[in-house]
Visitor: 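Got a structure for you, written out below as structure tokens; questions coming shortly.
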There are 2 protein chains.
Amino acid sequence: MNIEAMIETYKPEVEKRLFSHVESKAMPHALQEAMLYSLKAGGKRVRPLLTMAAADAYGRWTEEALDVACAVEMVHTYSLIHDDLPAMDDDDLRRGQPTNHKKFGEAHAILAGDALLTKSFQVLSQAGGPAAAAWKTEVTALLAQAAGAEGMVGGQIADIEGENRSLSLEELEYIHHHKTGELLAFAVQGGAIAAGAPAQDVQHLRAFSKEIGLVFQIKDDILDVEGDADVIGKPVGSDDGLNKSTYPGLLGLEGAKEKMNYHYDRALTELAGTSVDHDGLKTIASYIVERDR
Amino acid sequence: MNIEAMIETYKPEVEKRLFSHVESKAMPHALQEAMLYSLKAGGKRVRPLLTMAAADAYGRWTEEALDVACAVEMVHTYSLIHDDLPAMDDDDLRRGQPTNHKKFGEAHAILAGDALLTKSFQVLSQAGGPAAAAWKTEVTALLAQAAGAEGMVGGQIADIEGENRSLSLEELEYIHHHKTGELLAFAVQGGAIAAGAPAQDVQHLRAFSKEIGLVFQIKDDILDVEGDADVIGKPVGSDDGLNKSTYPGLLGLEGAKEKMNYHYDRALTELAGTSVDHDGLKTIASYIVERDR
């Protein structure tokens, strides 16, 4: 399957279930509306795609994996709502639409985010039924670690603390690894665990995810530079005026591309170490490297 | 044991463990500081007290119950941090100290709240070890329901939506039941389940908690009126100028007291239906009714 076929296969199932977890519950209408607004504003659903691809390789595209995918997407969505708030990035638009607080007000946006984060743990803990109890507590602990102070929220704080000064490569990797890498890694691990992957595979997949998270971020930085070049007419590859706290800023554009390819190769090596063929994850990894936006 | 002896027994153990869950983890210092600041600003720790008392009645004051107590207190603390934000209640002080956002800034306060909420699920899912998997997924689902869109966050939204207009008694009870009652009920149920309480006891304890949550709120409203009377010299029991969206405002001061006693009696009846003596919960219930602040 190419990436388009994968999106076509998984996305409608994930979205149907994602929305139903909120639509099916009794809650104040204003809250439901704010939660669904941001859930429905999603794009390619990269994280759920990682979860479903990881699970599918073990021959079990189960309801449980779907719920892991929903939980990841809820955490991702809550993080975007809170990141957009005036006290944080103060963004008015996301994907061309008003941000949650612009649409519903700040109080509702804060609470919609809180509710989505909480819902993610409800969805996980109710996945599958009692027989799934063992993997569910493992996956719940992993999600909390990936999303919380030791993961995404920690990365967000480090990002804020690092604003307005130049970062070292080490600091930059800390931020990216925590702010975005940990949740991507959870998406892959969680899907594999729910599908009954052996522990050794889960370790390889975690290592794969860590590398692919870096690839994702370096590619983003590269696209920012090459995008800018198109717009302002500066030759692509010029390092003048680059933001020092990006990979091209710290390593130059060519250096960043080399680093991206290095981590991409390492990601594929980890994937080759698993007990099953992970064609789906390979397709997503190559999409991450080759995408042009 | 009277209430002071109970607080003396449980509070130091709960606090020691509560702080260690944050102090022992690798995270940015600024985040750790903001999380601990609010965790350490706590008062009597009523919710953990309910958890420990409920568990203790089954003869098992276990590490698991301590972790349930920590999870409840983390959720309660996060909710106070977010409630105090400028976009919500905009409070500068809590318990005589600067609120989290006054001390650390809004972005840090939002993220410290997010991290505490997430940490509560991590603590729960890691309590006890694999043998505890079955009750942990049950308790995790209960906490998520009590804290999220169908519980506390839903109550908070309903409260905001109800501002600046008179509420019916039914609306008032919806708000209180969801905004504070559900988490109190979880505190009791979670402790009992972790201690191996039979399912029928858990049902009685849930009903007890629902009643005691109402008692708690009605008493708060009564104290507000009687406190005001002391200050402004208006005779206690006068209903003139009462806020219509409080129990005394809707029922009069005497009506509110009658309603409080009605629910208190029902709470004790539920407690009498359990298979063990719940002296600890009785002590807490009577403290809630008799307290003068």
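Since this is a predicted model, take the numbers as computed values, not measurements. The sequence lines fix the lettering, A, B, ..., with proteins before strands; numbering per chain opens at 1.
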Visitor: I need the minimum non-hydrogen distance between B:Ala149 and A:Met35, along with the two atoms involved.
Guide: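 Residues B:Ala149 and A:Met35, closest heavy atoms: CB-SD, 4.0 Å.
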Visitor: If you take all heavy atoms of A:Thr137 and B:Ala133, which pair is closest and at what distance?
Guide: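 That closest heavy-atom pairing would be CG2-O, 3.8 Å.
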Visitor: Return yes when atom CD of B:Gln200 has more than 12 non-hydrogen atoms of other residues, nucleotides or ligands closer than 6.0 Å, and no otherwise.
Guide: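 Incorrect, the count does not exceed 12.
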Visitor: Return the minimal non-hydrogen interatomic distance between A:Pro28 and B:Tyr174, and the atom names on each side.
Guide: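 Closest approach of A:Pro28 to B:Tyr174, heavy atoms only: CD-OH, 3.6 Å.
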Visitor: Taking every non-hydrogen pair under 4.5 Å, which of A:Ala147, A:Gly155, A:Ala34, A:Ala115 racks up the most with chain B?
Guide: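 So the answer, after comparing A:Ala147, A:Gly155, A:Ala34, A:Ala115, is A:Ala115.
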Visitor: Looking at A:Glu170, I'd like to know if its CD atom is crowded, meaning that more than 12 non-hydrogen atoms belonging to other residues, nucleotides or ligands lie closer than 6.0 Å.
Guide: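 For A:Glu170, atom CD is not crowded (no more than 12 foreign heavy atoms under 6.0 Å).
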Visitor: Look up atom CE in B:Met152 and atom OG1 in A:Thr118, then write down how far apart they are to the nearest 0.5 Å.
Guide: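 With rounding to 0.5 Å, CE (B:Met152) is 7.0 Å from OG1 (A:Thr118).
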Visitor: Determine the option with the most heavy-atom pairs under 4.5 angstrom with chain A, choosing from B:Glu150, B:Lys25, B:Lys119.
Guide: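 The option with the most such pairs is B:Glu150.
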Visitor: Kindly check if the number of other-residue, nucleotide or ligand heavy atoms within 6.0 Å of NZ (A:Lys210) is above 12?
Guide: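 Open: at most 12 neighbouring heavy atoms sit under 6.0 Å from NZ of A:Lys210.
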Visitor: Using non-hydrogen atoms and a limit below 4.5 Å, what part of residues 97-113 of chain A faces chain B?
Guide: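 Residues A:Glu106, A:Ala107, A:His108, A:Ile110, A:Leu111 are the ones that qualify, each having a heavy atom under 4.5 Å from chain B.
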Visitor: Using a 4.5 angstrom heavy-atom cutoff, name the option from B:Ile157, B:Val153, B:Leu116 with the most pairs to chain A.
Guide: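 The answer is B:Ile157.
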Visitor: Minimum heavy-atom separation for B:Ala30 to A:Glu161, with atom names?
Guide: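 Nearest heavy atoms, B:Ala30 then A:Glu161: CB-OE2, 3.4 Å.
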Visitor: Select all residues of residues 69-86 of chain B having any heavy atom within less than 4.5 Å of some heavy atom of chain A, and report them by number, or 'none'.
Guide: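 Within residues 69-86 of chain B, the residues that come under 4.5 Å of chain A (heavy atoms only) are B:Tyr78, B:His82, B:Leu85.
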Visitor: Which bit of A:Gln145 is near chain B, if near means a heavy-atom gap under 4.5 Å: side chain, backbone, both or neither?
Guide: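 Both parts, heavy atoms under 4.5 Å.
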Visitor: Please classify the contact of A:Leu31 with chain B as side chain, backbone, both or neither, using a heavy-atom distance under 4.5 Å.
Guide: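 A:Leu31 touches chain B through backbone and side-chain heavy atoms alike.
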Visitor: Under 6.0 Å from the NZ atom of A:Lys16, do we count more than 12 heavy atoms belonging to anything else shown?
Guide: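 Not buried by this count: 12 neighbours or fewer within 6.0 Å.
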Visitor: Highest number of heavy-atom pairs under 4.5 Å with chain B: which of A:His178, A:Met88, A:His29, A:Glu138?
Guide: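 It is A:Met88.
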Visitor: Can you say whether A:Ala26 sits under 4.5 Å from chain B via the side chain, the backbone, both, or neither, judging by heavy atoms?
Guide: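 Only the backbone of A:Ala26 comes within 4.5 Å of chain B.
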Visitor: Among A:Gly154, A:Ala158, A:Gly148, which has the most heavy-atom pairs under 4.5 Å with chain B?
Guide: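 Ranked by heavy-atom pairs under 4.5 Å with chain B, first place is A:Gly154.
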Visitor: If you look at every heavy atom in A:Asp114 and B:Asp114, which pair is closest and at what distance?
Guide: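 Heavy atoms of A:Asp114 and B:Asp114 come nearest at OD1-OD1, 3.6 Å.
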